[in-house]
Amino acid sequence: MLPRRRFTARVLGAAVLAAMAPATALAQAAYPAKPVTIIVPFSPGGGVDVMTRLLAEKLRPLLGQVVNVENKAGGSGMIGAVAAVRAPADGYTLLMATAGETAINPHVYKAKMQYAPQKDLAPVSLVVKVPNVLVVNPALPIKSTAELLAYAKAHPGKLSYGTSGIGNPQHLAGELLEKMAGVPLTHVPYRGASNQLTDTAGGSVDMSFVSLGGARPFMKDGRVRAIAMTSPKRSALAPDIPALSETKGLEDYALENWFGLFAPAATPAAVVGKLNDAVAQALKDPELAKRLNELGGEVSPMAPALFKTFIRDESRRFAKIVQDANITPDN
């Protein structure tokens with residue numbers, strides 16, 4: 001038989017835990033009890049911003065709260081990412097991040113990184129995959145990837161390609177093509193898709209790696225010619241455009257951008273789970289899926305654990321490309 005004092009302590013401890021359990025469950029069940037903010041680490045009007053606002057509209061009725069979108073642009077997406085990392089881990093401040101902020105920047109901007117994505121961010125859900133398309137100036141005698149490679153080998157170092165910045169997925173797409181095809185290309189970074197597409201159409205650069213959504217208006221009126229997609233296989237968003245991987249020697253070629261929702265690392269698992277459920281439900285909405293497709297995004301919800309593994313694997317792939325091409329913030 002237990003001594004009376006020890007018995008009393010155990011009974012009191014059990015009573016305290018029993019009293020706390022309903023309160024904890026109630027707190028989790030009550031989330032969210034106030035507006036939620038999603039930080040977009042880019043300027044208003046861009047692809048990430050527009051897609052996030054579309055998703056936020058569908059999340060509002062599912063979460064029963066206002067879902068605000070706040071733009072914190074700059075630093076290759078790192079300013080917004082840092083703001084999210086430093087926010088309270090309560091599920092009320094989230095981050096819509098791309099492959100750049102979560103899987104590429106640590107390898108390119110090593111000295112400037114103020115956070116470790118895989119340590120400081122809790123993956124909530126992948127939202128969309130965003131395949132890029134390789135487009136060329138229509139005056140060039142290039143209508144396929146095979147013709148592009150033949151032209152590049154016949155004119156070594158003469159072909160230039162535009163992207164929307166150093167170290168982003170489009171830049172890595174070009175470097176990967178150079179590496180796998182063994183052809184030298186000249187990278188020309190821009191600050192946005194509009195300028196690089198205008199210059200490609202005008203001949204200032206020969207070709208561009210650009211998001212499908214951004215390229216569509218230029219493709220539609222013939223200002224640029226679409227050659228291939230960077231996705232592992234043909235995209236359902238543009239089934240008539242071959243994938244680079246369909247060309248001999250590029251069978252393993254695959255590189256696409258993606259957008260996903262994150263929370264600060266210490267956010268309770270129950271809150272992350274509720275957010276994941278809401279995102280998955282929102283992405284089932286045909287209207288939202290259609291709008292995201294029009295913007296060049298392939299709806300791709302993913303459970304938190306799978307998303308975490310996906311990011312880890314993508315980060316390793318990107319690290320090798322960055323290392324092989326010796327990509328730094330200056331080149």
- Message: Quick check: Phe262 with Phe307 (ring centres under 6.0 Å apart)?
- Response: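 Yes, ring centres under 6.0 Å apart.
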- Among Thr98, Thr52, Val50, Leu95, which residue meets the side-chain contact (heavy atoms from CB on, under 4.5 Å) test with Val40? Thr52
- Query: With respect to Val136, which candidate in Ile227, Thr200, Leu159, Val205 satisfies the side-chain contact (heavy atoms from CB on, under 4.5 Å) definition?
  - Reply: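 With Val136 as partner, side-chain contact (heavy atoms from CB on, under 4.5 Å) holds for just one option, Ile227.
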- Output, in order, the C-alpha distance, side-chain angles, deciding distance and verdict of salt bridge (charged side-chain N to carboxylate O under 4.0 Å, His left out) for Arg234 and Glu246. CA-CA 9 Å; Arg234 294 195 186 205; Glu246 295 179 36; 2.7 Å; yes
- Could you go through the side chain to side chain donor-acceptor pair (under 3.5 Å) check for His107 and Ser315 one step at a time? CA-CA 9 Å; His107 311 300; Ser315 182; 2.9 Å; yes
Would you say the side chain of [Y] lies within less than 4.5 Å of the side chain of [X], judging by non-hydrogen atoms?
| X | Y | answer |
| --- | --- | --- |
| Ser160 | Leu185 | no |
| Leu295 | Leu54 | yes |
| Leu283 | Leu288 | yes |
| Thr163 | His187 | yes |
| Leu250 | Leu149 | yes |
| Val127 | Met51 | no |
| Leu121 | Gln118 | no |

- Item | Derivation and outcome, side chain to side chain donor-acceptor pair (under 3.5 Å), residues Asn71 and Asp49 | CA-CA 8 Å; Asn71 299 88; Asp49 177 67; 2.9 Å; yes
- Among Arg312, Arg316, Arg317, the one residue meeting side-chain hydrogen bond (donor to acceptor under 3.5 Å, both in side chains) with Glu314: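 Only one option passes, and that is Arg317.
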Interatomic distance, [X] atom [atom1] to [Y] atom [atom2] [nearest 0.5 angstrom]:
| X | Y | atom1 | atom2 | value |
| --- | --- | --- | --- | --- |
| Leu148 | Leu140 | CG | CG | 9.0 Å |
| Lys34 | Gln65 | NZ | CD | 10.0 Å |
| Glu70 | Ile38 | CD | CD1 | 11.5 Å |
| Met229 | Ile241 | CE | CD1 | 5.5 Å |
| Phe318 | Asn168 | CZ | CG | 10.5 Å |
| Leu172 | Ile327 | CG | CD1 | 4.5 Å |

Distance only, no hydrogens: is a donor on one side chain within 3.5 Å (strictly under) of an acceptor on the other, for [X] and [Y]?
| X | Y | answer |
| --- | --- | --- |
| Tyr161 | Asp206 | no |
| Gln170 | Ser164 | yes |
| Thr309 | Asp313 | no |
| Glu298 | Trp258 | no |

- Query: Is Lys290 paired with Glu287 through a side-chain N to carboxylate O contact shorter than 4.0 Å?
  - Reply: no
